[in-house]
Structures are given as C-alpha cells and as structure tokens.
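Structure first, commentary second.
If you read the sequence from its start, that first residue is 1, and numbering goes on from there.
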Amino acid sequence: QVQFVESGGGLVQPGGSLRLSCAASGTTIYYMGWYRQYPGKQREWVATITSGGTTTSAESVKGRFTISRDSAKNTVYLQMNSLKPEDTAVYYCYAVSTTRYWGQGTQVTVSS
C-alpha cells in the first residue's frame with residue numbers, strides 16, 4: 001500500500017501560479033505524476049516523471065506546467081503558471097510501483 005500527502009491546491013486568479021506537491025510512501029516508486037478531473041468527466045492525464053527524471057506532459061499544459069521530483073523523498077511537484085479558468089479541476093497525484101496508486105486529490109480553482 002502507498003500513502004500520499006498532497007498539498008498546494010486553492011483559489012487563484014487567471015494568470016496566476018500554484019505549486020502542487022505530493023509525497024508518497026510505503027513502497028518503491030517508479031513513475032509519479034498528475035491527472036486532473038473536471039466535474040462529470042473522466043480523469044485527464046497532465047504530466048509524468050520517471051525515476052530517472054524523464055518528463056512528459058499533455059499538450060494543453062506544455063509551456064505552462066512543469067513537473068519535477070525529489071526521488072529521495074518520493075515527492076512529485078507540479079508548478080503551474082499562467083493558469084486559465086479551464087485549468088479548474090481536482091488534481092490527483094499518482095505513483096506507480098507494481099500497480100498504480102492514487103492520491104486523494106486537491107482542488108484547483110482559477111477564477112477572478
């Protein structure tokens with residue numbers, strides 16, 4: 001089993017920034033990353049980072065969101081800049097060992 005501690009969500013104005021963090025513990029972690037979910041919709045992949053530091057991200061967030069990781073702490077970060085109202089969602093951290101585990105989610109609201 002994997003335990004998560006997520007933080008960093010909240011309310012921000014359009015054009016603003018937020019930094020999400022997610023610490024995982026309980027097993028060896030390989031991949032970590034983020035999804036987001038809009039009300040009534042399926043989760044949408046946002047970004048992934050491997051244990052070696054290779055990153056990938058969705059086209060919708062490239063140039064605005066940056067994923068990073070502290071492997072020693074099994075912690076993944078999502079720096080979100082130039083936020084738009086359409087970024088409003090619940091953001092879920094995930095970690096992959098022998099299977100995929102999900103964090104509890106954190107709300108991000110972009111509104112003036």
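Of all heavy-atom pairs spanning Gln79 and Ser17, the tightest one is NE2-CB, 4.0 Å. Here the closest non-hydrogen pair linking Gly26 and Gln3 is CA-OE1, 4.0 Å. What you find for Ser60 and Glu44 is that their closest heavy atoms are OG-OE2, 4.3 Å. The nearest pair of heavy atoms linking Ser112 to Pro14 is N-CD, 3.7 Å.
The distance from the CG atom of Asn74 to the OG atom of Ser97 is 10.0 Å, given to the nearest 0.5 Å. For the atom pair OG1 (Thr55) and CZ (Arg69), the distance works out to 12.0 Å, reported to the nearest 0.5 Å. One finds the SG atom of Cys22 at 4.5 Å from the CD atom of Glu6 (value rounded to the nearest 0.5 Å). Atoms CZ and OG1, on Arg19 and Thr66 in that order, are 10.5 Å from each other to the nearest 0.5 Å. Here the straight-line distance linking atom OH of Tyr31 with atom OG1 of Thr48 works out to 8.5 Å at 0.5 Å rounding.
The closest side-chain donor-acceptor pair between Ser21 and Ser7 falls under 3.5 angstrom. The closest side-chain donor-acceptor pair between Asp70 and Thr75, if any, does not fall under 3.5 angstrom.
At least one donor-acceptor pair closer than 3.5 Å links the side chain of Thr50 to the backbone N or O of Gly53.
When the shell of 6.0 Å around CD of Gln42 is examined, it contains 12 or fewer heavy atoms from other residues, nucleotides or ligands. In this structure, Tyr38 places its OH atom where more than 12 heavy-atom neighbours from other residues, nucleotides or ligands lie under 6.0 Å away.
When side chains are defined from C-beta on, Thr56 counts as touching Trp45, because their heavy atoms get closer than 4.5 Å.
A cation-pi arrangement is not found for Arg36 relative to Tyr92, the charged atom failing to lie both closer than 6.0 Å to the ring centre and inside a 45° cone about the ring normal.
Here Val46 sits in one hydrophobic cluster together with Val2, Phe4, Val12, Leu18, Leu20, Ile29, Met32, Trp34, Ile49, Val61, Phe65, Ile67, Val76, Leu78, Met80, Leu83, Tyr91, Tyr101, Val108, Val110; the rule is ILVMFWY side chains under 4.5 Å apart, joined directly or through other members.
Judged as a ring pair (Phe, Tyr, Trp, His ring centres under 6.0 Å), and not counting sequence neighbours, the contacts of Tyr94 are Tyr35, Trp102.
The stretch residues 25-56 participates, sequence neighbours left out, in no disulfide (SG to SG under 2.5 Å) pair at all.
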